[in-house]
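Notes follow once the structure below has been shown.
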Amino acid sequence: QVELVESGGGLVQAGGSLRVSCSASGLTFSSYGMGWFRQAPGKERDIVAAINWSGRVTYYADSVKGRFTISRDNAKNTVYLQMNSLKPEDTGVYYCACTLKSGYYTQVYSYDYWGQGTQVTVSS
């Protein structure tokens, strides 16, 4: 079965950096688009970044442009989110998701598989 497993979350001070990873199994990872979403307490799950099957096309939410970088290593079945210059408002549970389409998508309903999430907490 398909499994997405996130890792790399944690507690960091404002201005610091973290990299979260998502390892995929049970599917042909290199064929599908991937996304990172985050959900703060009491809020909806929102897109942070997305990437197409090849890694050549990416999307970023306005709030993270210039600070976050999404990338993928198809040989390792892994997608990454490098987060720099972190702010307290970046705090939340970060989820990776896979869409069974080759492009990238920004809506929750476009994704078919989800990881369990990893907590990222940015202290001020």
Side-chain angles (χ1 to χ4, degrees):
Q1 70 275 19
V2 176
E3 189 173 25
L4 303 177
V5 179
E6 299 98 337
S7 61
L11 174 64
V12 64
Q13 287 190 329
S17 297
L18 273 179
R19 187 177 79 159
V20 290
S21 303
C22 173
S23 178
S25 60
L27 75 170
T28 308
F29 178 79
S30 59
S31 296
Y32 303 125
M34 299 292 294
W36 283 100
F37 289 75
R38 72 182 171 205
Q39 188 165 21
K43 295 191 175 182
E44 294 184 348
R45 191 173 297 189
D46 292 325
I47 186 74
V48 174
I51 191 166
N52 79 328
W53 68 275
S54 69
R56 295 191 182 98
V57 183
T58 57
Y59 165 88
Y60 296 95
D62 287 343
S63 60
V64 307
K65 278 181 184 175
R67 300 188 298 121
F68 289 13
T69 302
I70 188 171
S71 61
R72 65 190 297 160
D73 185 337
N74 286 343
K76 296 183 177 179
N77 286 2
T78 302
V79 62
Y80 305 97
L81 184 69
Q82 176 67 43
M83 302 181 288
N84 298 329
S85 302
L86 281 160
K87 304 175 181 180
E89 51 263 43
D90 294 318
T91 294
V93 179
Y94 282 69
Y95 297 91
C96 77
C98 176
T99 174
L100 295 181
K101 296 175 280 292
S102 60
Y104 72 83
Y105 296 84
T106 61
Q107 301 297 322
V108 169
Y109 58 75
S110 296
Y111 287 82
D112 301 281
Y113 298 102
W114 293 82
Q116 82 288 352
T118 186
Q119 177 69 45
V120 171
T121 302
V122 184
S123 63
S124 56

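Residues take their numbers from the sequence shown, with the count starting at 1.
The side-chain heavy atoms of V2 and W114, taken from C-beta on, include no pair separated by under 4.5 Å. For the pair Y60/I70, a side-chain contact is recorded, criterion being any heavy-atom separation below 4.5 Å from C-beta on.
Cluster membership check: V64 shares its hydrophobic cluster with V12, using side-chain heavy-atom separations under 4.5 Å among Ile, Leu, Val, Met, Phe, Trp and Tyr. When hydrophobic clusters are built by joining Ile, Leu, Val, Met, Phe, Trp and Tyr residues whose side-chain heavy atoms come closer than 4.5 Å, directly or via intermediates, I47 is not grouped with V79. Clustering ILVMFWY residues whenever any of their side-chain heavy atoms sit less than 4.5 angstrom apart, transitively, puts V108 in the very cluster that holds Y59. Grouping the Ile, Leu, Val, Met, Phe, Trp and Tyr side chains by contacts below 4.5 angstrom, directly or via other members, places Y80 apart from V120.
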Residues T58, Y104; criterion side chain to side chain contact (heavy atoms under 4.5 Å, CB included); working and verdict: CA-CA 7 Å; T58 57; Y104 72 83; over 6 Å; no
Worked check of salt bridge (Lys or Arg N to Asp or Glu O under 4.0 Å) between D90 and K87: CA-CA 5 Å; D90 294 318; K87 304 175 181 180; over 6 Å; no
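Going from atom CD of Q119 over to atom CZ of R38 covers 12.0 Å, rounded to the nearest 0.5 Å. Atom SG of C96 and atom CD1 of I51 lie 12.5 Å apart (nearest 0.5 Å). From Q13, atom CD reaches atom CG of L11 across 8.0 Å, with rounding to the nearest 0.5 Å. Rounding to the nearest 0.5 Å gives a distance of 9.0 Å between CE of M34 and OG1 of T78. In this structure, R67 CZ and M83 CE are separated by 9.5 Å, a value rounded to the nearest 0.5 Å. Taking OH of Y113 as the reference point, atom OG1 of T99 lies at 10.5 Å (rounded to 0.5 Å).
When all heavy atoms are compared, the tightest approach of D112 to L100 is OD2-N, 2.7 Å. A pairwise comparison of heavy atoms in S30 and W53 identifies O-CE3, 3.3 Å as the closest pair. Shortest non-hydrogen contact noted between L4 and A24 is CD2-CB, 3.5 Å. Looking at every heavy atom in both residues, F29 comes nearest to N74 through CE2-OD1, 3.2 Å. Looking at every heavy atom in both residues, A14 comes nearest to S124 through CB-CA, 4.3 Å. When all heavy atoms are compared, the tightest approach of L86 to L18 is CD1-N, 3.8 Å.
Of the residues listed (Y111, Y95, Y94), the one engaging F37 in a ring pair (Phe, Tyr, Trp, His ring centres under 6.0 Å) is Y111, and it is the only one.
With hydrogens and angles ignored, the 3.5 Å screen pairs a side-chain donor or acceptor of R72 with a backbone N or O of N52. Remark: the backbone N or O of Q116 is paired with a side-chain donor or acceptor of E6 at under 3.5 angstrom.
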